[in-house]
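One structure is given here, and the rest of the page talks about it.
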Amino acid sequence: MAVLVFAERRNGDFRGVAYEALGAGKGLADSLGVPLAAAVVGSGVEAYAGSLGDYGADEVLVAESDELGAYSTEGYTQALARIIEEKAPEVVLLAATAMGRDLAARVAARVGASVVQDCIGIGTENGKVVIKRPVYAGKVTATIQLNSKIKIITLRPKMFPPPDKMDGKAVPINKVAVDLQGVVRARVVEMKAKAGAKVDLTEADIIVSGGRGLKGPENFGILEELADALGGVVGASRAAVDADWRTHDDQVGQTGKVVVPNLYIACGISGAIQHLAGMKSSKVIVAINKDQDAPIFKVADYGIVGDLFQVVPELTKALKDVQQ
């Protein structure tokens with residue numbers, strides 16, 4: 001038995017969520033008294049897979065093929081399912097990213113496992129794995145126990161701290177043979193980075209979001225200036241996205257992205273439950289709204305009742321003055 005963590009990669013390196021999953025996996029493995037293994041899938045990954053030992057992995061299992069260079073549901077499902085067959089873990093952890101959610105569901109169906117998505121807590125009680133995840137748009141936190149032999153769990157990004165790095169820990173790297181003949185039917189032939197692309201919302205430490213109170217797409221410029229001064233990125237409510245003021249990539253909420261930044265500044269956002277479901281786990285929430293009865297103030301740590309067109313530029317100016 002073991003705890004297995006799928007180490008997600010992007011652009012030839014492990015993503016931050018991979019280390020977060022290793023941190024959660026290490027705590028769970030220690031509690032269960034079992035080893036922690038890491039699964040790495042891709043092309044040319046064996047050379048740096050051993051670095052996961054510095055973050056708590058006791059063993060790394062590698063499925064490598066030229067056909068796995070870019071993510072494909074079919075190829076990665078085949079590879080991870082084969083690793084699970086090889087290692088026979090009790091628990092498999094993935095990040096609740098677009099890739100992790102997709103892969104978890106497919107692999108669970110393939111290996112006959114139970115799956116729980118978007119978890120915010122994991123531990124043990126009386127030797128049993130206990131999982132916590134939000135339900136009903138975040139109004140309730142459910143506590144779940146799975147009775148299946150294999151349990152597949154995805155973890156919400158930014159909810160689990162990565163482990164401290166332990167330089168020099170040597171771990172065995174075991175290659176797992178995967179037969180992909182006729183499996184991968186769709187292939188990525190080219191990837192183009194979005195012009196001016198910044199940190200993804202789900203990985204950002206600071207987010208400045210705007211809603212209907214911005215009155216138009218041209219006014220998001222003042223949020224961009226504040227975000228730049230803070231070293232953050234800009235998000236948006238569904239109302240702003242539905243009005244075509246921002247793209248869906250920027251949407252925070254139940255039908256957008258769930259974010260857990262260190263600082264979330266909501267500007268001109270009333271605070272509908274669907275939006276709160278996507279950001280209320282933020283470490284610090286600042287709300288700026290001229291309606292003192294706006295629901296956003298109920299979850300905010302700090303609230304400013306005022307016109308965002310006056311408040312936001314003043315905040316930006318004050319930050320720049322301090323930084324000079």
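- The two atoms that bring Phe6 and Met99 nearest to each other are CE2-SD, 3.9 Å, heavy atoms only.
- Not a single side chain to side chain donor-acceptor pair (under 3.5 Å) links Asn262 to another residue, sequence neighbours left out.
- Residues Leu201 and Asp249 come closest through the heavy atom pair CD1-O, 3.4 Å.
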Evaluation steps, salt bridge (Lys or Arg N to Asp or Glu O under 4.0 Å), between Asp301 and Lys283: CA-CA 9 Å; Asp301 298 286; Lys283 305 298 189 297; over 6 Å; no
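- Within the 4.5 Å cutoff, side-chain heavy atoms of Lys87 are placed close to those of Glu59.
- Atom CD1 of Ile84 sits about 6.0 Å away from atom CG of Leu4, to the nearest 0.5 Å.
- For the atom pair CG of Asp242 and NE2 of His248, the computed distance is 8.5 Å after rounding to the nearest 0.5 Å.
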Could you give the side-chain donor-acceptor pairs of residues 123-130 under 3.5 Å, partners two or more places apart or in another chain?
| residue | atom | partner | partner atom | Å |
| --- | --- | --- | --- | --- |
| Thr124 | OG1 | Ser31 | OG | 2.4 |

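- In this structure, CD in Gln145 is found 8.5 Å from CD1 in Ile131, a value given to the nearest 0.5 Å.
- Remark: Lys280 engages no residue in a side chain to side chain donor-acceptor pair (under 3.5 Å) (not counting sequence neighbours).
- Nearest heavy-atom pair, Ala21 versus Leu93, reported as atom, atom and distance to 0.1 Å: O-CD1, 4.0 Å.
- By the ring pair (Phe, Tyr, Trp, His ring centres under 6.0 Å) test, Phe297 is found to be paired with no residue, residues two or more places apart in sequence or in another chain being considered.
- Of all the heavy atoms in Ser270 and Pro295, the pair that sits closest is O-CD, 3.0 Å.
- Each of Thr154, Leu80, Thr73, Val41 was compared with Leu103 under the side-chain contact (heavy atoms from CB on, under 4.5 Å) criterion, and only Leu80 meets it.
- Summarising the geometry of Gly211 relative to Ile269, their closest heavy-atom pair is N-CG1, 3.4 Å, with the distance given to 0.1 Å.
- For Glu8, the salt bridge (charged side-chain N to carboxylate O under 4.0 Å, His left out) partners two or more places apart in sequence, or in a different chain, are Arg15.
- Evaluation of the ring-ring contact (aromatic ring centres under 6.0 Å, His included) test over residues 23-63, restricted to residues two or more places apart or in two chains, returns Phe14-Tyr48, Tyr19-Tyr55.
- Minimum interatomic distance between Met159 and Ser281 (heavy atoms only, all atoms of both residues): SD-CB, 4.3 Å.
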